Structure formats: structure tokens, C-alpha cells
Trainee: 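I have a structure here, written as C-alpha cells, and I will follow up with some questions on it.
We number each residue from 1, following the sequence as shown. Because the structure is predicted, anything quoted here is derived from the model rather than measured.
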Amino acid sequence: MQHDKDSKATFYTCSCFSTDNVFLEEFKLHVRFLSEHQFRSDYQAVLRNLGCSTDTEFKDLLKKESYMAPEFKQMVDYCRSDEASKEGLLSLMQTEAAGRVFRFPVFKKIFCDELIEEMEHFEQSRSPKGRPNTMNNYGILLNELGFDEGFIIPLREQYLQPLTSLLYHDCGGCYLDSHKAFMVKYDMHEDLDLSYHYDNAEVTLNVSLGKEFTEGNLYFGDMRQVPLSETACTEVEHKVTEGILHRGQHMHGALPISSGQRWNLIVWMRASQERNKLCPMCNKRPTLVEGEGFADGFTSDIGMSLLQNV
């Protein structure tokens with residue numbers, strides 16, 4: 001296996017099978033947004049020279065570009081603090097929707113609307129499109145739109161991993177080093193629901209973006225090792241702007257919508273430290289085939305040793 005000059009691992013597939021980075025279109029400027037204090041310190045003088053000259057204009061810009069829900073930011077800030085604990089994080093969350101399944105606001109509504117609009121433009125274009133997975137017939141792979149670098153990677157690394165490190169430390173939550181991100185669409189004339197399944201992931205985030213729809217809640221059973229006959233499923237309401245965070249191997253499904261159209265953002269987050277030992281899809285030691293991008297999140301033993309020594 002070859003490595004680049006920064007000794008980054010090459011990701012593999014097994015043979016068995018938002019962000020602080022923002023582009024301000026009005027000013028043609030890439031910026032980083034971690035907090036209002038950081039943003040002012042780094043960019044207020046630059047933006048003033050580009051025409052954002054008053055404090056009112058600057059505050060309007062902050063409102064427009066900060067698309068994370070305040071509740072989500074509060075949880076992330078807490079997880080980054082020295083006193084962070086699982087118990088403290090749980091006290092900030094809306095609810096534990098089912099066993100180790102957590103629901104909380106992720107994005108502002110205006111961002112959800114704009115993201116769907118962008119997906120619809122791509123959907124209507126003639127650009128080649130891959131299928132998100134073997135179960136969803138309608139949807140979009142976000143890496144095909146170039147969303148990894150500026151959106152999904154920072155979302156995973158800087159916002160979600162602080163949470164998963166506390167909530168899922170036992171199943172790779174501290175070591176999420178790759179992902180597969182995609183949109184799925186449910187429509188009265190297309191897919192209505194999603195059958196009971198588990199994900200090719202250590203941890204999954206599922207965000208309801210809209211549009212207008214009725215029904216379509218998620219339901220969760222037990223881990224994949226537990227027979228369905230021994231499982232009692234729990235229905236979990238999924239509201240627009242809210243994310244549901246759960247272990248990838250936790251069996252779940254989506255009930256059918258009864259009207260309208262529903263879009264969801266799905267992020268399968270993977271920890272090569274976990275899946276290098278055992279493929280989560282075939283339950284065997286993975287036989288590696290080099291793949292493009294993050295592939296299915298496996299790395300070679302050499303790659304893992306390099307990552308652990310960084």
C-alpha cells in the first residue's frame with residue numbers, strides 16, 4: 001500500500017459487499033465558523049474592507065451563515081469542555097428516544113429548506129448519479145456534489161465526534177475516521193418506507209430535512225444479533241430539523257409516509273479501528289480490496305499503525 005507525504009491511510013472496501021467551513025457567496029470568501037467570537041476576530045476587518053461595513057450587516061451575516069441549531073451547538077460546546085461527561089450531555093438532550101438512540105435538533109429550518117432545494121436541482125440535472133445504497137431507490141450521494149470536504153467531514157470531526165466519544169465509546173465513537181453520506185427521498189409515487197435493517201456503520205446520524213409529509217416515523221428493535229422474534233420495537237418520532245443518532249448495528253426501519261414528500265440526510269460514520277477487526281456486514285475478518293475515497297472505511301494494518309502514531 002502506498003501513502004502520501006502526510007502518511008494518510010488508504011481506505012478500503014471489504015470484498016463481501018455542518019460545518020464550520022462556509023463560502024460567503026456575496027463576498028467570494030471562504031471562512032471558518034466555530035463561534036461568534038472567533039468569527040469576529042478572524043473576519044470582521046476583512047469583511048469590512050469587502051463592504052460589510054456596519055455592525056447590523058455583520059450580525060445579519062452571522063444569522064445567515066450559522067446554520068446549526070443552537071441546542072446542537074450547546075451540546076457540542078459542552079462536549080469540548082474539560083468537565084464534559086455522558087451524564088452531563090444527556091441532561092442537555094431532548095430525549096433518549098429508545099435504548100441508546102438519541103434525538104436532538106441539528107440544523108435550522110432555513111438550512112434544511114435550502115439543502116433540499118440544492119438536492120432537487122441536482123436530481124433534475126443530467127449529471128450521472130449513484131444509488132445511495134441497496135435499499136433506497138431514490139436519493140443522492142453527497143460526495144458526488146463535492147460536499148465531503150466543506151460539509152460532511154467538518155460535521156463528523158468537529159461536531160458529531162465530541163458527542164459520539166461520550167455516547168458510543170464502546171463501539172468506535174472516539175475513532176470515527178470515515179463516512180458515507182447521502183440523501184434519501186420518500187414520496188407517494190416512489191419509496192414510501194424502509195424495511196427493518198442495520199447500517200454499514202459504527203454510528204449513524206439521520207436528520208429529517210422536510211418537506212411536508214405525514215407519518216413516516218422510525219422504529220428501533222434490538223442489536224442485529226437479537227432475533228426479531230425476541231425483539232419489541234419502539235417507534236420514534238422524527239421531526240424536521242432533528243437528528244436521530246444511533247449505533248449502526250442497531251436494527252431499525254422507517255414506517256411509510258401517508259402523504260407528501262420527505263427528505264433525510266443520512267451519515268454512516270465508520271471507525272476503522274473497529275471494523276478492521278471484524279467486517280460489520282459479513283462478521284468475518286475483512287478481506288481488503290482498495291477502493292476510492294473513504295470506500296467502506298477499512299484500513300490496512302500499516303495504515304492503522306500510521307494513524308495511531310500521528
Trainee: Can you check whether Lys180 reaches Leu141 side chain to side chain, under 4.5 Å on heavy atoms?
Mentor: yes
Trainee: Can you tell me how far CG of Asp42 sits from CD of Gln38, rounded to the nearest 0.5 angstrom?
Mentor: 4.5 Å
Trainee: Rounded to the nearest 0.5 Å, what separates atom CG in Leu92 from atom SG in Cys79?
Mentor: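 Rounded to the nearest 0.5 Å, the CG-SG separation comes out at 8.0 Å.
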Trainee: Might you point out which heavy atoms bring Ala84 and Leu166 nearest each other, and give the distance in Å?
Mentor: CB-CD1, 4.3 Å
Trainee: May I have the step-by-step check of side-chain hydrogen bond (donor to acceptor under 3.5 Å, both in side chains) for Glu235 and Asn217, ending in yes or no?
Mentor: CA-CA 7 Å; Glu235 185 173 340; Asn217 285 338; 2.9 Å; yes
Trainee: Can you measure from OH (Tyr198) to NE2 (His252) and round to the nearest 0.5 angstrom?
Mentor: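 The distance works out to 11.5 Å.
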Trainee: Look at the side chain of Tyr78 and the backbone N and O of Ser85, then say whether any donor-acceptor pair between them is shorter than 3.5 Å.
Mentor: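 Confirmed, Tyr78 side chain pairs with Ser85 backbone.
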Trainee: So, does Gln124 use its side chain to make a donor-acceptor pair with the main chain of His121 at under 3.5 Å?
Mentor: no
Trainee: Kindly give the cluster partners of Val236, where membership spreads through any ILVMFWY side chain lying under 4.5 Å from a current member.
Mentor: Val101, Leu218, Phe220, Ile244
Trainee: Among side-chain atoms of Asn264 and Ser208, is any donor-acceptor pair under 3.5 angstrom?
Mentor: no
Trainee: Identify the two heavy atoms, one from Ser258 and one from Thr214, that lie closest to each other, and give their separation to 0.1 Å.
Mentor: OG-OG1, 2.6 Å
Trainee: Verify, without hydrogens or angle tests, whether Arg262 (side chain) and Gly216 (backbone) share a donor-acceptor contact under 3.5 angstrom.
Mentor: yes
Trainee: Can you check side-chain contact (heavy atoms from CB on, under 4.5 Å) on Phe107 and Val240, steps first, answer last?
Mentor: CA-CA 9 Å; Phe107 301 127; Val240 172; over 6 Å; no
Trainee: Do the side chains of Thr164 and Leu245 get nearer than 4.5 Å, heavy atoms only?
Mentor: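 SC-SC contact between Leu245 and Thr164 confirmed.
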Trainee: Would you sort out whether Asp199 and Arg270 count as a salt bridge (charged side-chain N to carboxylate O under 4.0 Å, His left out), showing the intermediate values?
Mentor: CA-CA 10 Å; Asp199 298 336; Arg270 292 149 170 176; over 6 Å; no
Trainee: Keeping the roles fixed (side chain from Glu202, backbone from Ala271), state whether a donor-acceptor pair exists under 3.5 Å.
Mentor: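 Pair found, side chain donor or acceptor close to backbone of Ala271.
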Trainee: With rounding to the nearest 0.5 Å, note down the distance linking CG in Asp296 to CG in Leu288.
Mentor: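 These two atoms lie 10.5 Å from each other.
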Trainee: Would you indicate whether the side-chain heavy atoms of Arg275 and Asn200 approach each other to under 4.5 Å?
Mentor: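 Asn200 reaches Arg275 side chain to side chain.
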Trainee: I'd like to check the side-chain hydrogen bond (donor to acceptor under 3.5 Å, both in side chains) partners of Gln161; sequence neighbours left out, ordered by chain and number.
Mentor: none
Trainee: Show which residues join Val226 in its hydrophobic cluster (side-chain heavy-atom contacts under 4.5 Å, direct or indirect), or state none.
Mentor: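 Val226 shares its hydrophobic cluster with no other residue.
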Trainee: Give a yes or no on whether the ring-centroid distance for Phe104 and Phe72 is below 6.0 angstrom.
Mentor: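 Between Phe104 and Phe72, the centre distance is under 6.0 Å.
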Trainee: Determine whether Leu205 and Phe147 fall in the same hydrophobic cluster, where Ile, Leu, Val, Met, Phe, Trp and Tyr are linked whenever their side-chain heavy atoms lie under 4.5 Å apart.
Mentor: yes
Trainee: Side-chain contact, heavy-atom cut-off 4.5 Å: Ile152 with His179?
Mentor: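 SC-SC contact between Ile152 and His179 confirmed.
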Trainee: Out of curiosity, Arg224 CZ to His197 NE2, how far, rounded to the nearest 0.5 Å?
Mentor: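 So the gap between those two atoms works out to 12.5 Å.
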Trainee: State, with a plain yes or no, whether a side-chain heavy atom of Ile266 is found less than 4.5 Å away from one of Met183.
Mentor: no
Trainee: Show the nearest heavy-atom pair for residues Pro154 and Glu149, with the distance to one decimal.
Mentor: CD-O, 3.3 Å
Trainee: Would you confirm whether His246, through its side chain, and Met251, through its main-chain N or O, come within 3.5 Å as a donor-acceptor pair?
Mentor: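 Judged by distance alone, no pair lies under 3.5 Å.
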Trainee: Checking Tyr168 side chain against Arg100 main chain: does a donor-acceptor pair fall under 3.5 Å?
Mentor: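 Between the backbone of Arg100 and the side chain of Tyr168 there is a qualifying donor-acceptor contact (under 3.5 Å).
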Trainee: Can you confirm whether Glu292 is buried at CD, in the sense that more than 12 heavy atoms of other residues, nucleotides or ligands lie under 6.0 Å from that atom?
Mentor: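 No, the 6.0 Å shell around CD holds no more than 12 heavy atoms from other groups.
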Trainee: Please determine if Lys109 and Asp113 form a salt bridge, counting it only when a charged side-chain N lies under 4.0 Å from a carboxylate O.
Mentor: yes
Trainee: For Ser195 and Tyr219, work out which heavy atoms get closest and say how close.
Mentor: C-OH, 4.1 Å
Trainee: If you take all heavy atoms of Lys108 and Thr241, which pair is closest and at what distance?
Mentor: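 The answer is C-CG2, 4.3 Å.
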Trainee: Given 3.5 Å as the limit, does a donor-acceptor pair link the side chain of Ser165 with the main chain of Pro162, or not?
Mentor: no
Trainee: Ring centres of Phe58 and Phe39 under 6.0 Å apart?
Mentor: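 Ring centres of Phe39 and Phe58 closer than 6.0 Å.
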Trainee: Around Phe102, counting heavy atoms of other residues, nucleotides and ligands shown, do more than 12 lie under 6.0 Å from its CZ?
Mentor: yes
Trainee: Taking the side chain as C-beta and beyond, is there a heavy-atom pair between Phe182 and Ile140 under 4.5 Å?
Mentor: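 No - every pair of side-chain heavy atoms lies 4.5 Å or more apart.
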Trainee: Rounded to the nearest 0.5 Å, what's the gap from CG on Leu209 to NZ on Lys185? Could you check?
Mentor: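 Leu209 atom CG to Lys185 atom NZ measures 13.5 Å (nearest 0.5 Å).
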Trainee: Would Trp263 and Cys112 satisfy side-chain contact (heavy atoms from CB on, under 4.5 Å), going step by step from the backbone distance to the final call?
Mentor: CA-CA 9 Å; Trp263 285 85; Cys112 295; over 6 Å; no
Trainee: With distance as the sole criterion, is a donor-acceptor pair present between the side chains of Asp222 and Thr231 under 3.5 Å?
Mentor: no
Trainee: Using the rule given for side-chain contact (heavy atoms from CB on, under 4.5 Å), can you reason through Arg156 versus Ile153, listing the C-alpha separation, both sets of side-chain angles and the distance that settles it, and then say yes or no?
Mentor: CA-CA 5 Å; Arg156 167 172 55 84; Ile153 290 176; 4.0 Å; yes
Trainee: Could you please spell out the steps behind the side-chain contact (heavy atoms from CB on, under 4.5 Å) verdict for Ile116 and Lys211?
Mentor: CA-CA 8 Å; Ile116 290 176; Lys211 296 180 172 180; 3.9 Å; yes
Trainee: If you take all heavy atoms of Cys279 and Pro286, which pair is closest and at what distance?
Mentor: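 Where Cys279 meets Pro286 most closely, the heavy atoms are N-CD, 3.9 Å.
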